[in-house]
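Just below is one structure, and these are the notes that go with it.
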Amino acid sequence: MNFDELGPRIILWLGDGSKFHLAESTCYEIILAVILAIVGIWMGSNLQKVPKGKQVLAELFVGWIYRFTEEYVGKDYAKTYAPYLGSLITWLVCANGLGVIGLRPITADINVTAALAVLSFLLIQGSALKYTGIRGRIDALGSPYYFIIPMNIISELVLPFTLALRCFGNIFGGFVVVELWLHLMEFLSFKICAIPFLRCITVIPLNLFFDMFEPVIQAYIFMVLTAVNLGEGIRGQDPEVGAKREAKRQKKRNRKLGIPDTPQADAAEESLEAAG
């Protein structure tokens with residue numbers, strides 16, 4: 001292994017080759033996106049009232065994603081954020097696990113994980129502002145005391161770095177370990193015969209862990225951290241205030257639908273108005 005060339009290879013030059021190019025991670029991303037789009041359209045076609053075949057698998061996955069979103073983000077927000085979380089874990093599992101078919105994992109490129117982390121960070125902050133407002137967001141960052149707002153802001157800004165580096169570090173580390181092991185087995189094989197037979201035999205346990213188990217775990221961790229921070233941002237740091245704010249929103253929705261108000265919603269509205 002050439003440690004001076006650990007980054008993704010440039011496989012397509014555009015123009016004279018001096019400025020514009022596509023690295024293998026970018027090309028794999030495009031191909032993977034097209035494949036997942038085709039599979040998604042196929043899985044969602046010809047749906048029946050009584051599911052069978054591919055529809056059973058699709059409904060199991062979609063149902064799990066919605067339950068997961070309800071648990072970590074909130075029941076009222078599942079319809080809004082479940083598609084993003086489902087797309088996130090599906091793409092990450094496939095991108096992390098390309099080593100199974102002998103390709104460099106897409107997420108072994110820090111640019112890829114950084115882009116995903118920034119996307120999740122913007123979604124979290126935008127949703128927090130949408131549902132809590134500027135005042136509510138300031139109160140959440142200032143909980144329990146306003147003088148810790150700078151520390152909470154730093155904590156929020158650190159999130160995309162931790163998301164990006166955790167996924168990249170684990171996937172890239174596994175990629176390096178597997179490559180080093182393959183080169184070692186090739187070297188030892190040539191000491192015995194001209195066929196690198198040890199590469200085929202001894203790499204299986206490493207492939208099972210780094211190319212199958214580890215990709216799923218890292219994708220799940222990325223999704224959980226995104227969902228947890230998203231739920232905290234929407235509800236605010238104080239669960240009681242978040243519950244009152246949610247009750248007030250429910251009251252407004254009920255008014256639009258012509259549903260009578262509940263005592264809990266009335267009390268929540270009065271409490272929030274008293275708090276300013």
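Following chains of ILVMFWY side-chain contacts shorter than 4.5 Å, one can reach L182 starting from I101, so the two form part of one hydrophobic cluster. A continuous path of Ile, Leu, Val, Met, Phe, Trp and Tyr side chains, each step under 4.5 Å between heavy atoms, connects V216 with M223, placing both in one hydrophobic cluster. No single ILVMFWY cluster, assembled from side-chain heavy atoms under 4.5 Å apart, contains both L60 and L36. In this structure, W181 is not a member of the same hydrophobic cluster as I171, with clusters built from ILVMFWY side-chain heavy atoms closer than 4.5 Å. Side-chain heavy atoms closer than 4.5 Å link hydrophobic residues (I, L, V, M, F, W, Y) into clusters, and following such links, even through other members, never connects V62 to L47.
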Would L141 and Y146 count as a side-chain contact (heavy atoms from CB on, under 4.5 Å) if you check the C-alpha gap in whole Å, the side-chain angles of each, and the deciding distance to 0.1 Å?
CA-CA 8 Å; L141 293 174; Y146 282 105; over 6 Å; no
Can you list the steps and then say if V112 with T26 is a side-chain contact (heavy atoms from CB on, under 4.5 Å)?
CA-CA 8 Å; V112 175; T26 304; over 6 Å; no
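Side-chain contact between F222 and L163: present, with at least one pair of heavy atoms (C-beta onward) separated by less than 4.5 Å. Side-chain atoms of F121 and T226, non-hydrogen and from C-beta on, never get closer than 4.5 Å to each other. The shortest side-chain heavy-atom distance between T107 and Q218 does not fall under the 4.5 Å cut-off. Inter-residue side-chain proximity for Q125 and L129 is flagged as unmet; no heavy-atom pair is nearer than 4.5 Å.
Residues meeting the ring-ring contact (aromatic ring centres under 6.0 Å, His included) test with Y72, sequence neighbours left out: F68. In this structure, E29 has no side chain to side chain donor-acceptor pair (under 3.5 Å) partners at least two apart in sequence or on a different chain. Under the rule for a side chain to side chain donor-acceptor pair (under 3.5 Å), E71 has no partner lying at least two apart in sequence or in another chain.
Atom-to-atom distance recorded for N229:CG and I234:CD1 is 11.0 Å, nearest 0.5 angstrom. Note: E59 CD to K52 NZ = 13.0 Å, rounded to the nearest 0.5 Å. A distance of 11.5 Å separates OG1 of T132 from CZ of R135, quoted to the nearest 0.5 Å. Atom CG of residue L165 and atom CD1 of residue I110 lie 5.0 Å apart, to the nearest 0.5 angstrom. For the atom pair T80 OG1 and L123 CG, the distance stands at 10.0 Å (nearest 0.5 Å). Taking CD from E232 and CD1 from I124, the interatomic distance works out to 9.5 Å, rounded to the nearest 0.5 Å.
Side-chain atoms of Y81 and S127 include a donor-acceptor pair closer than 3.5 Å.
The backbone N or O of Q48 lies less than 3.5 Å from a partner atom in the side chain of Q55, making a donor-acceptor pair. S189 contributes a side-chain N or O that, together with a main-chain N or O of M185, makes up a donor-acceptor pair within less than 3.5 Å.
Applying the 6.0 Å contact sphere to CD1 of I192 captures more than 12 heavy atoms from other residues, nucleotides or ligands. Annotation for F187: atom CZ does not count as buried by contact number, only 12 or fewer foreign heavy atoms lying within 6.0 Å. In this structure, F161 places its CZ atom where only 12 or fewer heavy-atom neighbours from other residues, nucleotides or ligands lie under 6.0 Å away. Other residues, nucleotides and ligands contribute more than 12 heavy atoms inside 6.0 Å of the CZ atom of F61.
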Under 3.5 Å, side-chain donor or acceptor atoms of residues 83-93 against the rest of the protein: list the pairs with distances, not counting sequence neighbours.
{"residue": "Y84", "atom": "OH", "partner": "S120", "partner atom": "OG", "Å": "2.7"}
{"residue": "S87", "atom": "OG", "partner": "P83", "partner atom": "O", "Å": "2.8"}
{"residue": "T90", "atom": "OG1", "partner": "G86", "partner atom": "O", "Å": "2.7"}

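Of all heavy-atom pairs between N152 and A140, the closest is ND2-O, 4.5 Å. Between R235 and V73 the shortest heavy-atom distance is NH1-O, 2.9 Å. For the pair G233 and A128, the tightest heavy-atom approach, listed with the atom from each and the gap, is O-CB, 3.4 Å. Scanning all heavy atoms of the two residues, the minimum distance from A108 to F168 falls at O-CE1, 3.1 Å. Considering all non-hydrogen atoms of both residues, P160 and A117 come closest at O-CB, 3.2 Å. Nearest approach of C167 to N96, heavy atoms of both residues: SG-OD1, 4.0 Å.
Under a cutoff of 6.0 Å and an axis angle of 45°, R104 and Y28 do not form a cation-pi pair.
Applying the under-4.5 Å side-chain rule to Ile, Leu, Val, Met, Phe, Trp and Tyr, the cluster around V158 extends to I154. Here V39 sits in one hydrophobic cluster together with I31, I35, W42, M43, L57; the rule is ILVMFWY side chains under 4.5 Å apart, joined directly or through other members.
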